[in-house]
There are 2 protein chains.
Amino acid sequence: MIKSLNKNQIKELIDNSDIALSHQEISKRLERQCDRVTIYRALDKLMEEGFIHRIVDVDGVSKFAACHGCTKNHHHQHVHFSCSVCSSVTCLEEIEPDFSLPEGYQVQEMNITLSGVCPVCSA
Amino acid sequence: MIKSLNKNQIKELIDNSDIALSHQEISKRLERQCDRVTIYRALDKLMEEGFIHRIVDVDGVSKFAACHGCTKNHHHQHVHFSCSVCSSVTCLEEIEPDFSLPEGYQVQEMNITLSGVCPVCSA
DNA sequence: TTATTAACGCAACAGTGTTGCAAATTAAAT
DNA sequence: ATTTAATTTGCAACACTGTTGCGTTAATAA
Ligand SMILES: [Mn+2]
Ligand SMILES: [Mn+2]
Ligand SMILES: [Zn+2]
Ligand SMILES: [Zn+2]
């Protein structure tokens, strides 16, 4: 019944978080401390399996958030917001900007991250 | 007359490139080899001065491209395209998607990077 | 020329992400 | 229950990115 303690706990953490979590944040929040590499591997697997997606923050830091309705092929057109005050990254799943590209570009993925001040920090 | 040999040469490299350049690529292209740190510092300065802007690629790699019409306050709403075949990152300065955010979000910067296959590699 | 400022190189460090290998756990088969 | 096979984990090592402090050299100003 119990398989992959760490991976499942990491999945729980991400699922239950309203903001995207970095490797570092995940590491800190894990009760049962585990090796860094274990976390990297778990994140890779979870992405492969379509449970989470990676968001590259404006400063290059990778953060991870739950997918809603992804199988193995991720489709994330939605916008992310990165707060420069509290450093939180949030998925704005409702917001999907559209635009047309010149001929010849084949789009597979998109990473859209706006940065500024989030509602909490600007209140 | 000659001031900041390296910084100026780095600026030239970026200005004359049609794709965004990473720190690594800049380092290789510099004839007069210089210290890694010097390049980082030059890039920071050039950004401060509004000559170049940083694009965070989908894999977290920072790339740098020339600004056209930025002073000290950068304004880059435009889209970037990252080719998964040739790893090139290109500014699509004409393409500026628009969308509206929920109340409370104050946008300062945006990093929009689409990935897929570029016209050259898809031809 | 001399003083001041900016640019540079070097060493050291913290952090991220990857790989290989061996030990430990879990699941499956006998 | 025992043995076997497959996963999961930890650890060491490594390459790479980015930052900081400090002493030195080169450029600009006085
Ligand atoms: Mn998202
Ligand atoms: Mn650009
Ligand atoms: Zn905030
Ligand atoms: Zn290409």
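Order of the sequence lines fixes the chain letters, A, B, ..., with proteins taken first and strands second; residue numbering starts at 1 for each chain.
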Original post:
For the pair made of CG in A/Asn8 and C1' in C/dT26, what is the distance, rounded to whole Å?
Top reply: 13 Å

Original post:
Apart from A/Val89 itself, what residues make up its hydrophobic cluster, given side-chain heavy atom links below 4.5 Å?
Top reply: A/Ile55

Original post:
Could you give all pairs that pass the ring-ring contact (aromatic ring centres under 6.0 Å, His included) test and reach residues 92-123 of chain B, with sequence neighbours left out?
Top reply: A/Phe81-B/Tyr105

Original post:
Does A/Asp15 have any salt bridge (Lys or Arg N to Asp or Glu O under 4.0 Å) partners at least two apart in sequence or in another chain, and if so, which?
Top reply: A/Lys11

Original post:
Excluding sequence neighbours, so at least two apart, what forms salt bridge (Lys or Arg N to Asp or Glu O under 4.0 Å) with A/Glu12?
Top reply: none

Original post:
Mind checking what makes ring pair (Phe, Tyr, Trp, His ring centres under 6.0 Å) contact with A/His75, not counting sequence neighbours?
Top reply: none

Original post:
So what stems show up for DNA chain C if we need 3 or more Watson-Crick or G-U pairs in a row, all under 3.5 Å?
Top reply: C:1-30 with D:1-30

Subject >> Distance in angstrom units between A/Leu43 CG and D/dT9 P, rounded >> reply: 12 Å

Subject >> A/Leu5 CG to D/dG10 C1', straight-line distance once rounded to whole Å >> reply: 15 Å

**OP:** Determine which pairs satisfy salt bridge (Lys or Arg N to Asp or Glu O under 4.0 Å) with at least one residue from residues 24-43 of chain A, sequence neighbours left out, and list them in order.
**Re:** none

**OP:** List the protein contact pattern of nucleotides 11-20 of chain D with one symbol per nucleotide (5' to 3'): B for base contact, S for sugar-phosphate-only contact, - for none; contact means a heavy-atom distance under 4.0 Å.
**Re:** BB----BBBB

**OP:** May I have the distance from B/Lys7 (atom NZ) to C/dG9 (atom C1'), rounded to whole angstrom?
**Re:** 18 Å

Original post:
How many Å lie between NZ on A/Lys63 and P on C/dG15, as a whole number?
Top reply: 15 Å

**OP:** Could you check how far CD of A/Glu48 sits from P of D/dT8, rounded to whole Å?
**Re:** 11 Å

**OP:** Round to a whole Å and report the spacing from CG of A/Leu46 to C1' of D/dT8.
**Re:** 13 Å

Subject >> Summary of ring-ring contact (aromatic ring centres under 6.0 Å, His included) pairs that have at least one residue in residues 30-52 of chain B, sequence neighbours excluded >> reply: B/His23-B/Tyr40

Subject >> CG on A/Leu92 to CG on B/Leu101, rounded to 0.5 Å >> reply: 6.5 Å

Original post:
Between B/Asn6 and C/dC8, is there a side-chain N or O to OP1/OP2 distance below 4.0 Å?
Top reply: yes

Original post:
Can you check the B/Leu30 CG to C/dG9 P distance for me, whole Å?
Top reply: 10 Å

Original post:
Do the side-chain N or O atoms of B/Thr38 get closer than 4.0 angstrom to the phosphate oxygens (OP1, OP2) of C/dG9?
Top reply: yes

Subject >> Member of A/Leu13, A/Leu43, A/Leu21 meeting the side chain to side chain contact (heavy atoms under 4.5 Å, CB included) criterion with A/Phe64 >> reply: A/Leu43

